[in-house]
Amino acid sequence: MIPLVIAVFFFILVLFFGVSVYYLIKDKEAREKEKMLKALIPEVSENNGADSFYSAGGNEGKAQKILGRFLDLTSLESLLMASNVPLSLDRLLVLGLGTGTIFVLIAVIIFRSAYPVLPAIAAGVVIPFLYVVYRKKKREETLVEQLPDALDMIVRALRIGQSVDGALREVARSFSAPLGTEIKTIYDEMSVGLPFEKAFRNFERKFSNIPEVKILVTAFIIQRETGGNLTGILDGVAKTVRERFQLKRQIKVLTAEGRLSAIILGLLPVGFLLAAWVFNKEYTSILFTDPTGKKILFLAILFEAAGFTVMRIMSRIRV
């Protein structure tokens, strides 16, 4: 019975991997078109403007439609837009369901019990979303690093007589992703007729939790509406961004010891279990063979995950 379950598990795993690669390639091109179409569709009303921006495409999948009746999926769609993951929301939901199924099969094979089914489903479903959050965070960090140099380029272009549109075009050509891609999106949206303010507001929605982006968008929009010394404003914004980035690096260095201690403390139980398994298998085999040992091992995994989370929160300082 066990070999049959393992064979079915690997078959599902290979099939799932192949389907995932196919839809990743398929969705990569569709996402760019979808973002442009959604940006061009005007907001329905002031109250549901954000919803219309992220759902105006009208091409939700079945999973998205079903869950959309019970949950507000706007934040998830915004997360996908900011992370630039080549997946639609429907694909991400199906991916979470697939990884949850795989985790359940692994838990059943290891523990041969129904106790870890619900935690395994939760862990499997959460992993794709954690990856999207990780991609979003890394993308935001890279964008903030690129922002001061991009602002300097815009200031130099404006001082030699170029227009704002021309300066944005030069930034889009000169910088790599993510900033170059986002500035190119702004320029393309304005080229096809989207208002200046709307194009920049779309950019702000993707990175709504980055203060530097809010300051930049506000500076451009106010200057466009009322006039003023845009070069001086952008010079100040670039200086502020550099100072904030330098402060973040200093804090990261000062908290490195605490973060390293948290990692070592979290890995000690795992290291002890591996060492005991290598030198005395009889001592640790009870955790995998005895029913009480399996329950203890399951609780230990839960406590280990909770401990990692708490130490991560304690060692993180927001600037």
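Side chains are part of it too, since the values below use all heavy atoms of this structure and drop only hydrogens, waters and symmetry mates. In what follows, residues are counted from 1 in the order of the sequence shown.
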If I take atom [atom1] from residue [X] and atom [atom2] from residue [Y], how far apart are they, to the nearest 0.5 angstrom?
| X | Y | atom1 | atom2 | answer |
| --- | --- | --- | --- | --- |
| T185 | N202 | OG1 | CG | 10.0 Å |
| I121 | L97 | CD1 | CG | 9.0 Å |
| E304 | L297 | CD | CG | 11.0 Å |
| F272 | T284 | CZ | OG1 | 9.5 Å |
| L299 | K294 | CG | NZ | 14.5 Å |
| K198 | E189 | NZ | CD | 8.5 Å |

Problem set entry | I296: side-chain contact (heavy atoms from CB on, under 4.5 Å) partners, not counting sequence neighbours |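 Only L287, T292 meet the side-chain contact (heavy atoms from CB on, under 4.5 Å) criterion with I296.
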So which atom in [X] and which in [Y] form the shortest heavy-atom distance, rounded to 0.1 Å?
| X | Y | result |
| --- | --- | --- |
| A177 | T142 | O-CG2, 4.3 Å |
| A150 | L179 | CB-CD2, 3.3 Å |
| L230 | A219 | CD1-O, 4.1 Å |
| F103 | A120 | CB-O, 3.3 Å |
| P148 | V241 | CG-CG1, 3.5 Å |

State yes or no: do [X] and [Y] share one hydrophobic cluster built from I, L, V, M, F, W and Y residues joined by side-chain heavy-atom distances below 4.5 Å, directly or via other members?
| X | Y | value |
| --- | --- | --- |
| L268 | M311 | yes |
| L95 | Y134 | no |
| I215 | L151 | yes |
| F245 | L247 | no |
| V133 | L93 | yes |

Is there a side-chain contact between [X] and [Y] in this structure, where contact means two heavy atoms from C-beta onward sitting under 4.5 Å apart?
| X | Y | result |
| --- | --- | --- |
| N229 | I233 | no |
| K252 | K248 | no |
| E212 | F207 | no |
| N84 | P178 | no |
| I183 | I186 | yes |
| M153 | F175 | yes |
| R224 | F200 | no |

Problem set entry | salt bridge (Lys or Arg N to Asp or Glu O under 4.0 Å) partners of residues 268-289, not counting sequence neighbours, each pair once |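 Output for this query is empty, none listed.
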Side chain to side chain donor-acceptor pair (under 3.5 Å) with [X]: which residues, sequence neighbours excluded?
| X | answer |
| --- | --- |
| K184 | D188 |
| Q146 | S176 |
| E204 | R201 |
| D152 | R242 |

For this session: Sequence neighbours left out, what pairs pass ring-ring contact (aromatic ring centres under 6.0 Å, His included) with at least one residue falling in residues 291-316?
Result: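 Sorted result for residues 291-316: empty, none.
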Which residues share a salt bridge (charged side-chain N to carboxylate O under 4.0 Å, His left out) with [X], sequence neighbours left out:
| X | result |
| --- | --- |
| K136 | E140 |
| E141 | K138 |
| D290 | none |

For this session: Fit a plane to each ring of F196 and F220, take the angle between them on a 0 to 90° scale, and name the class: parallel (under 30°), tilted (30 to 60°) or perpendicular (over 60°).
Result: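 Tilted.
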Distance-only donor-acceptor hits, side chain of residues 154-171, under 3.5 Å, sequence neighbours excluded:
| from | atom 1 | to | atom 2 | distance (Å) |
| --- | --- | --- | --- | --- |
| R159 | NH2 | D235 | OD2 | 2.7 |
| S163 | OG | G166 | N | 3.2 |
| R169 | NH1 | Y187 | OH | 3.1 |

Exercise. Near L265 CG, under 6.0 Å, is it more than 12 heavy atoms from other residues, nucleotides or ligands?
Worked result: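 Yes.
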For this session: Give a yes or no answer on whether the side chain of S83 reaches the backbone of L80 with a donor-acceptor pair at less than 3.5 Å.
Result: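 Yes: the side chain of S83 pairs with the backbone of L80.
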For this session: List for me each residue that meets ring-ring contact (aromatic ring centres under 6.0 Å, His included) alongside F129, sequence neighbours excluded, and say none if there are none.
Result: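 F129: no ring-ring contact (aromatic ring centres under 6.0 Å, His included) contacts found.
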Exercise. Between V85 and L92, does a side chain to side chain contact (heavy atoms under 4.5 Å, CB included) hold up when you go through it step by step?
Worked result: CA-CA 10 Å; V85 176; L92 181 64; over 6 Å; no
